[in-house]
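Only this structure's heavy atoms are used, side chains among them; waters, hydrogens and symmetry mates stay out. Computed from a predicted structure; not experimentally measured. In what follows, chains are A, B, ... by sequence order, proteins preceding strands, each numbered from 1.
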There are 2 protein chains.
Amino acid sequence: MRSVKQKLILDFIEAFIGERGRPPTVRDIVHGCGLSSTSVADYHLNVLESEGHLRRDKHVSRGIELRGGRRARPGVALVPVIGHIAAGEPLPVPASDTWSVPAGETLEVPEALIRGKKGVYGLRVRGNSMVDALIGDGDIVLMQAGVSVANGDTVAVWLLREKEATLKRIYHEGNRIRLQPANSQMQPIYVPADNVEVQGKVVGVLRLVA
Amino acid sequence: MRSVKQKLILDFIEAFIGERGRPPTVRDIVHGCGLSSTSVADYHLNVLESEGHLRRDKHVSRGIELRGGRRARPGVALVPVIGHIAAGEPLPVPASDTWSVPAGETLEVPEALIRGKKGVYGLRVRGNSMVDALIGDGDIVLMQAGVSVANGDTVAVWLLREKEATLKRIYHEGNRIRLQPANSQMQPIYVPADNVEVQGKVVGVLRLVA
DNA sequence: CCCGGGGAAGAACATTAGTTCTATCACATT
DNA sequence: AATGTGATAGAACTAATGTTCTTCCCCGGG
């Protein structure tokens, strides 16, 4: 939440729903928060959505739904989906406990999936390097940062030299590390231990079938 | 409440608010209750308002507010996990819309996961007959009952004669049906179409990694 | 049989409300 | 100074949505 105005909007929405039983329109927000134009409200709403504070249904009147602590729903946890994995993109990892939700999607997952765990985030899987671990293209893996990893765990690793992130099974072999794809078509990668940074460990998988 | 249609509308409004967190539009009601015209919905809404079952804000979109004890809790859907699949056990399937949650586990999933879908239930997967579809032993599959299935869909079928339930890909081939395991080790099963009862279709997969 | 009322259809109408476009301004960075 | 980003304005455009009107159908009572 960057500005006080955005907190004002969020509070207004919460109050509006509480009083009227339905979400406000963009123009309700304009009037209620003393804004000057619908585009201003739209602008801030988009910011708030990208930060995961609310969700908007496009082209639907009053299509605002509050997210997060304000509308804490029992049994549902909010997990930020911070990017893709198995592509060569940089992979920022939030702090273990308190993170500022980075711009991007926020996913609701059943509490049961991350029971008690702290520092859980989501990654969209690209590619099929882990199909033998029943993780396919398009799946969302739930990662946990800052936990000890054991041989054979599926982890997201950051290769310092190559500046690449991938999802692999990890095996410590002396002072080198074997990164094993779960795909019979692909070969393991061997890297020196000091070239590897473990970003997180897979604790769950989520898939939506069309 | 004079007619059953009016009770239908009332129930729909309650469910809609529960799922989407906002009241339905007149046209939402038309579609959701199978009405033929907005004027019909308007007519019944006026009746319901005059009887005190709800309140309408004139000239306001989604200006419906339920009255009385009816209250809805938005955001969370309760999905009953009603058994295992790929074992030879009987597989009771609840009715499509209103089910009394059967004794057993209930999983709370975000509405976002099953958005709009009716008759969703969960099954714990036993065995590895679907590993090539990235569904493994211990996973929970979210099934939807009472929907049309297309060739290649992963469905839970009940074999009437054999009294067995399994999770397979389904292919209609004339008047017989091919049930295709997603496992290169296993052979397809061919059964006459009248021996098959489709219990549901996979709409999602949840896995908890130890 | 005629009639009145509850219901239903379908189209039309009038706003409401979401979205987009362009322009502007303050402020920080290069 | 040139540039880029966050934030603001105002208006226009389109789609969504509430409302109204007319016609028609079915059915029980007079």
Side-chain angles (χ1 to χ4, degrees), chain A residues 1-17 19-67 92 100-104, chain B residues 1-17 19-67 115-116:
Chain A
M1 191 123 39
R2 298 190 182 99
S3 70
V4 289
K5 189 163 292 188
Q6 285 166 19
K7 173 157 177 45
L8 180 66
I9 291 176
L10 224 39
D11 289 339
F12 173 77
I13 294 173
E14 185 177 21
F16 192 101
I17 294 177
E19 292 167 14
R20 321 262 199 122
R22 60 175 175 266
T25 66
V26 175
R27 285 168 178 81
D28 286 334
I29 296 173
V30 167
H31 297 144
C33 297
L35 307 182
S36 51
S37 171
T38 58
S39 63
V40 176
D42 188 65
Y43 171 79
H44 288 295
L45 285 174
N46 284 141
V47 173
L48 288 168
E49 179 177 28
S50 73
E51 288 178 350
H53 292 103
L54 51 83
R55 204 176 61 70
R56 296 184 77 187
D57 262 328
K58 305 279 184 197
H59 307 290
V60 169
S61 74
R62 304 176 190 276
I64 297 176
E65 193 179 329
L66 288 184
R67 289 276 205 103
S100 57
V101 179
Chain B
M1 194 120 39
R2 298 192 183 103
S3 71
V4 290
K5 189 164 289 187
Q6 286 165 20
K7 171 158 178 49
L8 181 66
I9 291 177
L10 224 40
D11 288 340
F12 173 79
I13 295 173
E14 185 176 19
F16 192 101
I17 295 177
E19 290 166 16
R20 324 280 264 261
R22 60 175 175 266
T25 66
V26 175
R27 283 168 180 82
D28 287 333
I29 296 173
V30 167
H31 296 144
C33 297
L35 307 182
S36 51
S37 171
T38 58
S39 62
V40 177
D42 188 67
Y43 171 80
H44 288 295
L45 285 175
N46 285 140
V47 173
L48 286 168
E49 180 175 26
S50 72
E51 289 177 350
H53 291 103
L54 52 82
R55 207 175 56 74
R56 293 184 81 185
D57 264 330
K58 301 287 180 193
H59 306 288
V60 169
S61 74
R62 303 175 190 278
I64 297 176
E65 192 180 331
L66 288 183
R67 283 301 184 79
R115 204 146 195 87

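Each salt bridge (charged side-chain N to carboxylate O under 4.0 Å, His left out) pair with one or both residues in residues 24-33 of chain A, not counting sequence neighbours, appears once here: A:Asp28-A:Arg62.
For the pair A:Leu48 CG and D:dG6 P, the computed distance is 14 Å after rounding to whole Å. Computed from coordinates, the B:Gln6 CD to C:dG7 P distance equals 6 Å when rounded to whole Å. Protein atom CG of A:Leu8 is 11 Å distant from nucleotide atom P of D:dT8, rounded to whole Å. Rounded to a whole Å, the NE2 atom of B:His44 is 18 Å from the P atom of C:dG5. Atom C1' of nucleotide D:dT19 and atom CG of B:Asn46 are separated by 10 Å, given to the nearest angstrom. Here D:dG18 presents its C1' atom at 16 Å from CZ of B:Arg55, a figure rounded to the nearest Å.
Every residue meeting the salt bridge (Lys or Arg N to Asp or Glu O under 4.0 Å) condition with B:Glu65, not counting sequence neighbours, appears here in chain and number order: B:Arg55. Under the salt bridge (Lys or Arg N to Asp or Glu O under 4.0 Å) criterion, A:Arg56 pairs with A:Asp42, not counting sequence neighbours. Under the side chain to side chain donor-acceptor pair (under 3.5 Å) criterion, A:Arg22 pairs with B:Asp57, sequence neighbours left out.
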Sugar-phosphate or base contact per nucleotide [nucleotides 17-28 of chain C; S, B, -; heavy atom under 4.0 Å] | BBBBB-------
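To the nearest 0.5 Å, atoms CD1 (A:Ile9) and SG (A:Cys33) are separated by 5.5 Å. Remark: B:Glu49 CD to B:His44 NE2 distance equals 15.0 Å, nearest 0.5 Å.
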